[in-house]
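Down below is the structure, laid out as structure tokens.
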Amino acid sequence: MIKLIEKYPILSLLLFVIVMLGFTIDAIPVTIMEARNFISAREMLTDDNWILTTMNGEARYQKPPLPTWITAFFGMLFGMKSVLALRWPALLFMASIGISTYLLSKKLKLDKSHSLINGFIVLSSFYVIGIIIEAPWDIYTHGFMLMALYQLFLMFQKQKTPIRHSLLFVLFMACSILSKGPVSLYVLFLSFVIAYSVAYKPKGGTLHFLKLFSLLVFGIVLGGWWYFHVRVADPETFAAITERETSNWSSYNVRPFYYYWSFFVQSGLWTIPAFLSLLYPYMNSRVSNLKAYRFSFFWTIIAVILLSVIPEKKSRYLMPVLIPLALNIGFYIEYLVREFKNISSKKETFPVYFSFGLIGCIACLFWMIWFFSNIALTGTLLIRFIISALILLVIGFYIFKFLKQKRMKNVFYLIIGFMLTIGLIALPIAKSHIQDDYKPVSELINAGVPLYSLNKVSPEAIYNYGDKIAKIKTKDGILIPEENEFNLLTNKEDPNNIKALSKLYHIIFLATYDLNTSPKNTRAHKSRLVNQLYRLSLKK
């Protein structure tokens with residue numbers, strides 16, 4: 001099986017993403033960031049707002065439109081109600097990151113097996129998987145930038161390169177900027193160029209630098225056309241949104257400089273190997289390609305430093321760091337595959353046995369989830385759970401067996417099999433974990449009565465409804481609907497603004513619409529997803 005995987009590396013990486021998430025990712029509820037993207041994509045199709053993008057009928061210029069265009073295209077093909085279809089573009093870009101990592105590793109003169117290991121590591125890292133749901137724009141901008149960096153590496157390696165590499169570099173960089181502005185340009189590109197200069201000390205002098213600078217300018221200009229157009233077409237709204245967004249950099253989610261120092265934890269299953277791979281004095285004499293290791297090491301560290309100097313910090317901003325970190329981890333895994341049978345020091349073997357043995361224990365004990373949770377399994381879900389528990393039990397058994405035999409390549413691919421099983425078989429079990437109060441807003445789409453909302457109805461609720469929900473303002477004046485009778489949707493968190501309408505309308509509470517799939521009194525339960533519906537009729 002391993003030989004077959006290594007024979008078709010690109011196909012294997014693509015299939016890994018498709019099998020792990022492609023058929024089951026709709027089991028996960030739509031997130032707030034996703035909902036915003038989906039709503040904008042829907043309004044592109046219904047209102048033809050392809051350039052001056054909107055969300056619920058209001059200007060949405062916070063993010064550039066390329067990811068939304070791609071989402072809208074899939075929505076056009078498969079329908080805007082299919083969450084699975086709308087998530088497929090992000091999945092494909094996730095796969096592209098694994099494939100680009102593999103191709104870049106090959107150009108770093110790493111062998112095919114080592115390069116494939118790098119690709120699987122980045123695809124199985126915790127926050128690379130999480131980011132495609134939490135914030136779709138990130139996977140696009142970093143996916144395009146990694147494609148651009150691969151072309152840039154080819155240009156760095158040769159004095160004379162075909163013009164197609166320059167054109168592709170400019171195109172992919174422009175697409176990255178058109179996906180989420182200069183974010184990836186700052187984190188991935190800048191750290192890549194600095195790390196390459198340190199590790200490889202490129203030759204070419206001023207001429208080489210001017211060529212790179214000119215291509216960079218072309219890429220920025222090509223990627224920045226949308227910002228220029230919106231600023232000219234809607235200057236006041238654009239200026240207000242820009243001022244609000246830039247002020248967040250220094251006043252919103254401000255964290256200390258060292259906030260990202262535990263970044264290697266975001267690699268999930270690879271946390272301990274990630275930490276060990278960053279011990280430069282330890283790895284220095286153990287890697288098969290010191291120059292390439294130095295490059296991945298400095299690329300990782302410099303990216304973390306660049307992120308650390310920005311006051312605004314969030315865990316998901318670390319996602320691009322996991323790309324060079326995967327290369328770094330790959331050097332450690334390759335060292336274990338090559339030399340673990342010859343290692344006798346307990347100081348070196350203990351972290352390996354502990355890290356991979358822990359995964360083996362989780363696999364063997366997966367069946368215990370049924371006994372220590374409130375998940376009720378019946379019918380096909382029970383069969384699915386039994387199958388997944390048995391497969392994971394077998395995987396756990398063989399992890400321990402091959403650890404004992406010190407066959408580390410087998411252990412590595414068993415961990416990949418562990419991830420596949422969790423995604424393909426175990427993840428849909430989450431569908432059964434739905435609280436009794438779950439009630440979708442989509443039931444109101446054909447209610448026959450106009451629907452309005454107050455200020456705090458969540459994007460998830462608007463997407464679930466299936467159309468725009470006009471807002472009624474209650475602070476600077478009341479926007480009176482033309483209808484004498486209508487429904488009003490409010491959020492549970494919304495203050496008692498509805499009382500301001502009681503002077504004009506008779507108000508009757510109708511129902512509570514709760515989009516939470518997790519029970520109350522759990523961290524996953526969000527109060528913003530609890531909505532209350534009222535019937536308002538004009539007083540005579």
Side-chain angles (χ1 to χ4, degrees), residues 25-40 42 55-58 60 80-81 83 86-87 130 133-136 253 314 316 373-376 429-475 478-479 481 485-502 505-537:
I25 200 171
D26 59 331
I28 303 172
V30 174
T31 65
I32 186 170
M33 295 288 287
E34 264 191 318
R36 290 167 179 162
N37 189 30
F38 293 169
I39 293 168
S40 294
R42 184 172 64 200
M55 186 182 77
N56 199 34
E58 299 179 353
R60 174 68 178 168
M80 289 303 303
K81 293 182 179 180
V83 175
L86 298 180
R87 283 173 171 169
I133 301 171
E134 184 177 340
N253 279 323
K314 295 180 181 179
R316 63 183 174 86
S373 69
N374 295 322
I375 299 177
I429 295 173
K431 286 185 176 181
S432 67
H433 200 184
I434 297 179
Q435 58 146 341
D436 296 334
D437 294 334
Y438 178 79
K439 189 177 178 66
V441 182
S442 57
E443 293 180 0
L444 297 172
I445 192 67
N446 296 316
V449 181
L451 181 67
Y452 292 86
S453 72
L454 285 178
N455 296 321
K456 291 188 177 182
V457 171
S458 67
E460 295 98 319
I462 298 171
Y463 169 71
N464 185 262
Y465 176 65
D467 201 352
K468 294 188 286 289
I469 305 178
K471 291 182 179 180
I472 294 180
K473 300 177 183 178
T474 59
K475 291 184 179 180
I478 299 174
L479 176 63
E485 186 175 65
F486 58 90
N487 287 342
L488 183 66
L489 193 68
T490 70
N491 186 266
K492 186 178 179 181
E493 289 184 330
D494 206 317
N496 295 324
N497 287 335
I498 193 170
K499 291 183 179 179
L501 297 171
S502 61
Y505 294 94
H506 296 291
I507 300 174
I508 301 174
F509 173 76
L510 296 181
T512 296
Y513 287 83
D514 192 346
L515 294 178
N516 281 289
T517 57
S518 300
K520 297 177 182 178
N521 301 321
T522 62
R523 290 187 62 184
H525 190 277
K526 306 296 183 183
S527 58
R528 71 168 184 271
L529 300 181
V530 180
N531 303 277
Q532 295 171 330
L533 183 69
Y534 297 87
R535 174 68 57 82
L536 276 69
S537 55

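Between the NZ atom in Lys468 and the CE atom in Met55 there is a gap of 12.5 Å [rounded to 0.5 Å]. The OH atom of Tyr513 sits 8.5 Å away from the CG atom of Leu489 when rounded to the nearest 0.5 Å. Leu536 contributes atom CG, which lies 5.5 Å from atom CG of Leu488 (distance to the nearest 0.5 angstrom). Here the CG-CG distance, from Asn37 to Leu86, works out to 8.5 Å after rounding to the nearest 0.5 Å. Atom CG in Asp467 sits 6.5 Å away from atom CZ in Arg42 (nearest 0.5 Å). The structure places CE of Met33 at 12.0 Å from CZ of Phe38, a figure rounded to the nearest 0.5 Å.
Distance alone, capped at 3.5 Å, is enough to place a donor-acceptor pair between the Asn531 side chain and the Leu529 backbone. Distance alone, capped at 3.5 Å, places no donor-acceptor pair between the Asn56 side chain and the Pro459 backbone. Between the side chain of Asp514 and the main chain of Lys439, no donor-acceptor pair closer than 3.5 Å is present.
What you find for Tyr465 and Leu451 is that their closest heavy atoms are CE1-CD2, 3.4 Å. Nearest heavy-atom pair, Glu485 versus Ser537, reported as atom, atom and distance to 0.1 Å: OE2-CB, 4.0 Å.
Using a 4.5 Å heavy-atom threshold, the side chains of Pro450 and Asn487 count as separate. In this structure, the side chains of Ile32 and Lys526 stay at 4.5 Å or more apart for every pair of heavy atoms. In this structure, Val530 and His525 have side chains that are in contact, with non-hydrogen atoms separated by less than 4.5 Å.
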Checklist entry - Is there a side-chain contact (heavy atoms from CB on, under 4.5 Å) between Ile28 and Arg87 once you walk through the steps? => result CA-CA 11 Å; Ile28 303 172; Arg87 283 173 171 169; 3.9 Å; yes
Next on the checklist: Set out, in order, the CA-CA distance, both residues' side-chain angles and the distance that settles side-chain contact (heavy atoms from CB on, under 4.5 Å) for Tyr463 and Leu515, then state yes or no.
Outcome noted: CA-CA 11 Å; Tyr463 169 71; Leu515 294 178; over 6 Å; no
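Across Phe486, Tyr505, Tyr534, a single residue satisfies ring pair (Phe, Tyr, Trp, His ring centres under 6.0 Å) together with Tyr452, and that is Phe486. Screening Val457, Asn516, Asn491 for a side chain to side chain contact (heavy atoms under 4.5 Å, CB included) with Arg528, the sole residue that qualifies is Asn491.
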